[in-house]
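What follows is a set of notes on a single structure, which appears directly below.
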Amino acid sequence: MSFITALMEQNSTIGSSFTYLFSTFVSVFVMVDPFAAIPVYLLLTERFTPADVKKTRRKSILVASAILLTFAITGMSVLNFFGISISALRIAGGILLLKFALDHLKGDSEKIKSDEENESLTKDDISIVPLAMPLLAGPGAISTIVTQATRGKSWLDFLLLLIAIILVMWVTAIFLKYSQYLYRLLGKTGLNLMGKIMGILIAAIAVEFIIIGVSEAYKNLIK
């Protein structure tokens with residue numbers, strides 16, 4: 001019986017870990033939103049040679065990955081330093097994401113401002129700004145990662161968070177590599193549709209963050 005119980009507990013742990021990895025991957029993916037990055041990426045790199053495009057893409061992915069991984073690692077330390085509670089972060093992050101989602105659904109969301117985009121058209125190196133940040137590793141993605149880090153209950157969850165970030169950036173690199181083909185396949189309308197779907201997912205994630213944050217804050221108040 002003890003063997004069966006241990007096996008069931010192990011399966012339950014594996015199942016919860018897989019759920020955490022999947023939910024984290026989806027949360028980070030919809031915030032990085034490679035579909036929205038494709039038109040901007042194509043516009044900013046159209047004057048580059050194929051070799052320069054490849055170099056720019058790789059550098060932007062590496063820098064964006066480093067930014068997101070850094071916030072995943074140091075997020076809790078920053079919160080503790082400023083005395084910010086986890087529930088407060090979840091509520092604030094949820095509100096920020098909800099606003100981002102609503103703007104996304106209305107078509108008012110801009111990861112890169114027009115003046116930044118115009119300036120980037122004349123820059124030789126656009127891999128760090130604006131591609132890596134804020135296009136890929138923007139405020140929404142950063143706040144999502146820090147909030148997701150607070151959901152982790154063990155070192156395994158922390159490791160899964162890092163894996164999820166790496167997987168998202170790997171998929172994003174593939175999207176950017178084949179961005180011309182995806183743009184031709186989906187067209188502007190298709191990319192806008194995918195953006196709306198992402199907006200709905202972001203809104204759902206934001207509401208979940210707010211609900212969990214309010215619930216935790218309420219429990220702490222009545223203790």
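Below, each value reflects all heavy atoms present in this structure, side chains not excepted, and no hydrogens, waters or symmetry copies. Residue numbers count from 1 along this sequence.
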So, the side chain of [X] versus the backbone of [Y]: is there a donor-acceptor pair under 3.5 Å, distance only?
X: Thr45; Y: Phe48; result: no
X: Ser27; Y: Ser23; result: yes
X: Ser179; Y: Leu176; result: yes

About how many Å separate [atom2] of [Y] and [atom1] of [X], when rounded to the nearest 0.5 Å?
X: Ser127; Y: Met133; atom1: OG; atom2: CE; value: 14.0 Å
X: Ile165; Y: Leu69; atom1: CD1; atom2: CG; value: 5.0 Å
X: Phe175; Y: Asp33; atom1: CZ; atom2: CG; value: 9.5 Å
X: Ile142; Y: Thr147; atom1: CD1; atom2: OG1; value: 11.5 Å
X: Leu68; Y: Met31; atom1: CG; atom2: CE; value: 11.0 Å
X: Thr56; Y: Leu131; atom1: OG1; atom2: CG; value: 7.0 Å

Shared hydrophobic cluster for Val171 and Val30 (ILVMFWY, side-chain gaps under 4.5 Å):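 Yes; tracing contacts between hydrophobic side chains, which count when under 4.5 Å, links both residues.
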hydrophobic_cluster_shared for Leu62 and Ile128, side chain cutoff 4.5 Å: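 Per the 4.5 Å side-chain linkage, Ile128 and Leu62 are not co-clustered.
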Do you know the tightest heavy-atom contact between [X] and [Y]?
X: Ala137; Y: Ala64; result: CB-O, 4.0 Å
X: Ile145; Y: Leu161; result: O-CD2, 4.2 Å
X: Tyr20; Y: Asp157; result: CE2-O, 3.1 Å
X: Arg57; Y: Lys177; result: CD-N, 3.6 Å

Quick one, [X] and [Y] - any side-chain contact, counting heavy atoms below 4.5 Å?
X: Phe29; Y: Leu167; answer: no
X: Ile73; Y: Phe158; answer: yes
X: Thr189; Y: Leu193; answer: no
X: Pro130; Y: Leu44; answer: yes
X: Met169; Y: Leu136; answer: yes
X: Val53; Y: Tyr41; answer: yes

side-chain contact (heavy atoms from CB on, under 4.5 Å) evaluation trace for Ile212 with Glu216: CA-CA 6 Å; Ile212 295 175; Glu216 290 179 347; 3.8 Å; yes
Aromatic plane relationship, Phe18 with Phe22 - under 30° parallel, 30 to 60° tilted, over 60° perpendicular: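 Rings of Phe22 and Phe18: parallel, as their planes differ by under 30°.
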